[in-house]
Structures are given as C-alpha cells and as structure tokens.
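Okay, so here's the structure we're looking at.
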Protein chains: 2
Amino acid sequence: MARIKTEKNLSRKDVIVSKAATLFREKGYKAASMRDLAESVGVEAASLYNHIKSKSELLHELVFSVANKFVLKLDEIESEPISSLQKMEKILRFHISEMINHYEEVYVSDREWKHLSDPYLSNYQNQRRVYRKRLAALIEEGIRIKEIKAIDAPTVVLIFLHAVSGIESWHRSTKKITAEELEQNMVAILIDGLKANK
Amino acid sequence: MARIKTEKNLSRKDVIVSKAATLFREKGYKAASMRDLAESVGVEAASLYNHIKSKSELLHELVFSVANKFVLKLDEIESEPISSLQKMEKILRFHISEMINHYEEVYVSDREWKHLSDPYLSNYQNQRRVYRKRLAALIEEGIRIKEIKAIDAPTVVLIFLHAVSGIESWHRSTKKITAEELEQNMVAILIDGLKANK
DNA sequence: TCAAAAAACTAACAAAAATTAAGATTTTTT
DNA sequence: AAAAAATCTTAATTTTTGTTAGTTTTTTGA
C-alpha cells in the first residue's frame, strides 16, 4: 500500500501542503486538482482527506503562513534604530531572499490569494492593506527627513513589491546570475532610485 | 429575446471578448465560467457559441492582441534616433499607459497566459522571451556607452516589467493619484535608478 | 414581403471536479 | 500478541463545467 513518506520533523500534512505549493504555482489554484496533488504525493485522492479538511484549507494555510512571516519581520525591522532608507533596504532584502528561498510558497501567496474564500479573503486583504500602509509610512518618514526624494509613497510600495515578485522570471531563467548578484542588482536600482539628489 | 447590444464598429464577438477580459481579470481564467460570461453579456451560455469557437479562443485572442501591440511599439521605438536610456524611458511610459488605459486586457495577458494551450502557449512563451531579450540588448547598449550603470540587464528587464504590472494595485486603490503623476513617479524611480553615477 | 442568414433559446451530454462513506490494511500502543 | 489508532483504497455522490443539437425568433436585404 502506498504511503506518504515523511522526513524528520515533518507531518504528512506538511508534505501535502508543500507539494500543493508547487502544484499551485505551476498550474494555479483552480487548475490544480486534488487528483494531481494526490499523484504528486503518491497516494489516492481520497487519502488526502485523512490529513486535510479541504482544498481551500491548503491555500489559506499557505497564504497565511507567508503573510505572517512578513508581518513579523516588519515588526522587527521597524523597531531597529536605523534610518528609513536603511529600513526599506532591509525589507527589500528580506523580500528578495524569501522569494528566492521559499519560492513556491511566496509565489502562491502572492498570486493565488484571490481564490481564498471568506472570512480568509477579507482577512488577507486587510492584512495586506495594513502592511502596505506601514511601508508607505516608512517612506514618508524618509521623505520628511529628506533622505528619500519627494515622491508618492504608495507608488514606491507598489513598485517595490511587484519588482520583487519578478524574481519569478529569474527562477525560470536558465542562465542565472547568482542569488547574491540578483539581490545586489535589485537593491542598486531600487534603493538608488529612491535616494534624494544631494 | 435578449440580444447582445453592440456599439458602433464593434462586433458581437468584440463585446464578448471585452467582457471576458473583465471576468478573467476578476476571477482568473479557470474560475470564470462560460455561464458567468453569458450572464455578464446578458444572454444564455449556449448563445455565446454563435460568435466564438471556445473559451480558450477568448484567452488567446486577448493575449495575442496585447502581445502584438507591444511588439509593434518596440519595433517603432527601436528605430528612433535617440539614446538607449531614452528608448527605455519611452518603452516604460508605453507600458504604463497601456496598463492604465487597457487595464483588463493587459492584466489578463500578463497573468493568465499560463492557461493557453499549445501551440499558442509555446508561441507566446517564445514571443515573450524574444521581447525581453530585445529590452536587455537595449540596456546593454546603454551600459556600453556608459549612459546606464553597470548592472545585470535581464534583472533590469524583470524589475521594469513587473513594476509596471503593479499598476494593478493603483487601479484598485481608492485614493488615487492621477495617471500622469503615477507615470511621473514610476519613471523617476526606475529611470533614475538606472542612470550611471557621473 | 418573403426567404435566407444571424442570433437566440431550451435541453441535454459527457467529463472533471471536490468530497464522503465504508471497509481494508498497516502501524502504534498497551 | 491483541486492541486501538492511523492510514490508505475503492466506489459512489453531487456539482459544475464546456460544449453540442435542435428549434425558434429576429434581422437583413433583394
């Protein structure tokens, strides 16, 4: 009888969630069927339900675990005694490294949250709005002390977040520069683009 | 009997394609059903098939009409007698204005192309690859003549294209800056971020 | 005005989807 | 080694999906 093989410290549910992340990234949440998932896990579709409640549970577990991680990191960075621009750079670097090292989960969380259902959906949209506002506030602080050029803060946030999500293309590309180089390049363009002209 | 109402110069098929764009953006291609589409057009689902061949036809018509427009514009800009950085700025501005003025179509083309089926899928992926290479070549030229800072060109392309797709958030936001301001802000960050330090 | 073409409707199909029920088998615990 | 718990399977159910067939209604143009 086929059995889900777990590595140390991982529950069978963890394995399923992780495979789901890959599948949701590849095909999108709606196009990925429970049968696809079962196959990739190596078991019959019905067997999955011994470990999870529903397909949608998979999505919201993925989405919220990623979202929580970013919120926690922002809490941490916000309280550090460094300048706004330095905070933005740290946040940017964190986004980049998460996107590189936890590609599947972050990508799914970014692109597939639309398919959450309430109350998760409104909840997520709320978290997202608050997160962006906090970033914008950081930028506005930088503008106030003339460290950052006078510019619309929400627009900066939007550029930052979406630029990072472009790392998707980097993942797919064959001739890759290294992760460090990628990070360095992104910081060079985006942070330099923010700096006030002195 | 319900009838699809057309405005001047628009075929009934055009109306369907346009409504499909909105629907595909809102729910995603897979989650949008032909019955949803029929309702939004104001007709029974089966009636749609007097005008279109299939659901997938809707997607590839949308995707390729957008893709072609961008390729044509790139042809045009490439042949102008201006510097590489100026060309990049023009392309960036074109992307921004297309995203603002043809939001639904551009967004769908950007996010839902995964659901194309062959031969359209490989075709599209090819076009996309070529397009990005042309942009990268433009940037490399700018680097060579020291107009643009030494930086990985494909990374720049990736940041540019994805930053533009972030205009999605602008569309959704309630307190909007004007389209002109948005464009100005994006150009300020991204083009400034490229300039070689003199 | 009348025939042909275009566009709509109702009804139905087949395929695929998520999920459940009931029972068999394996693993863990005592 | 027996009992309990966990895990997997087969089979079935219910919904939803894209699409087709056949027919009726509306529009067009000679």
Side-chain angles (χ1 to χ4, degrees), chain A residues 1-21 23-24 26-63 108 112 114-118 120-121, chain B residues 1-21 23-24 26-63 108 112 114-118 120-121:
Chain A
M1 226 175 200
R3 210 135 208 277
I4 300 178
K5 35 184 169 179
T6 63
E7 313 194 348
K8 53 165 187 186
N9 279 351
L10 286 184
S11 68
R12 263 161 253 266
K13 179 170 176 176
D14 291 334
V15 174
I16 294 173
V17 171
S18 157
K19 294 277 188 186
L23 209 63
F24 292 171
E26 286 172 352
K27 318 184 90 178
Y29 174 75
K30 272 284 174 180
S33 76
M34 294 303 278
R35 284 168 181 80
D36 290 336
L37 179 55
E39 189 182 353
S40 112
V41 167
V43 93
E44 293 300 317
S47 308
L48 298 172
Y49 289 87
N50 285 307
H51 308 281
I52 61 165
K53 287 221 305 281
S54 65
K55 184 185 180 185
S56 65
E57 184 198 12
L58 290 171
L59 183 62
H60 68 245
E61 291 216 355
L62 278 166
V63 167
V108 168
E112 302 295 324
K114 268 188 198 179
H115 301 105
L116 289 170
S117 41
D118 272 324
Y120 298 103
L121 179 58
Chain B
M1 226 176 199
R3 209 132 210 279
I4 301 178
K5 35 184 169 180
T6 62
E7 313 195 347
K8 53 165 186 187
N9 279 350
L10 287 184
S11 69
R12 263 162 254 264
K13 180 171 176 176
D14 291 335
V15 173
I16 294 172
V17 171
S18 157
K19 293 279 188 185
L23 209 63
F24 292 170
E26 286 171 352
K27 316 184 94 180
Y29 175 76
K30 273 284 175 181
S33 76
M34 294 304 278
R35 285 169 179 81
D36 290 337
L37 178 56
E39 189 182 354
S40 111
V41 166
V43 94
E44 293 300 315
S47 308
L48 298 172
Y49 289 86
N50 285 311
H51 309 282
I52 62 165
K53 288 222 304 281
S54 64
K55 184 185 181 186
S56 66
E57 183 198 12
L58 290 171
L59 183 61
H60 68 244
E61 292 216 355
L62 277 167
V63 167
V108 168
E112 302 295 322
K114 269 188 196 176
H115 302 104
L116 289 171
S117 41
D118 270 325
Y120 298 103
L121 180 58

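In what follows, every chain begins at residue 1, and chains take the letters A, B, ... in the order their sequences are listed.
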Considering only heavy side-chain atoms of Arg3(A), the closest of dT7(D), dT19(D), dC9(C) is dT7(D)

Tyr49(A) has an atom OH; how far is it from atom C1' of dC8(D), in whole Å?
15 Å

Interatomic distance, Leu58(A) CG vs dT19(C) P [rounded to whole Å]
9 Å

From CD of Glu44(B) over to P of dT10(C), roughly how many Å is that when rounded to an integer?
5 Å

I'd like to know if Asn50(B) reaches the base of dA8(C) with its side chain, counting only an N/O donor and acceptor under 3.5 Å.
yes

How many Å lie between CZ on Arg12(A) and P on dT27(C), as a whole number?
9 Å

Plane angle bin for Tyr29(A) and Phe24(A) - parallel if under 30°, tilted between 30 and 60°, otherwise perpendicular
perpendicular

Any Ile4(A) side-chain heavy atom under 4.5 Å of His51(A) side chain
yes

Taking 4.0 Å as the cut-off, does a side-chain nitrogen or oxygen of Ser47(B) come that near to OP1 or OP2 on dA7(C)?
no

Using heavy-atom distances to pick each residue's nearest nucleotide on DNA chain D, tell me which of His51(A) and Lys30(B) is more 5'.
His51(A)

At 4.0 Å (heavy atoms only), tell me whether Ala38(A) reaches a base, stays on the sugar-phosphate, or touches nothing.
nothing

What nucleotide among dG18(D), dT9(D), dT19(C) has an atom nearest to a side-chain atom of Val43(A)?
dT9(D)

Ile4(A) CD1 to dC8(D) C1', straight-line distance once rounded to whole Å
9 Å

Residues Ser47(A) and Asn50(A): side-chain donor-acceptor under 3.5 angstrom:
no

Which whole-number value in Å describes the distance from Tyr29(A) OH to dA17(C) C1'?
12 Å

Using a cut-off of 4.0 Å on non-hydrogen atoms, how would the nucleic acid contact of Ser33(A) be classed: base, sugar-phosphate, or nothing?
sugar-phosphate

So for atom CD, which belongs to Glu39(A), do other residues, nucleotides or ligands contribute more than 12 heavy atoms lying within a distance under 6.0 Å?
no

Taking only the side-chain heavy atoms of Met34(B) (C-beta and beyond), determine which of dT19(C), dT9(D), dG18(D) contains the nearest atom.
dG18(D)

When you match Ala31(A) and Ala46(A) each to their closest nucleotide on DNA chain C, which lands nearer the 5' end?
Ala31(A)

Find the distance Lys55(A):NZ to dT15(D):P and express it as a whole number of Å.
18 Å

Looking at Lys30(A), I'd like to know if its NZ atom is crowded, meaning that more than 12 non-hydrogen atoms belonging to other residues, nucleotides or ligands lie closer than 6.0 Å.
no

Value in whole Å for how far the P atom of dA12(D) lies from CZ of Arg35(A):
14 Å

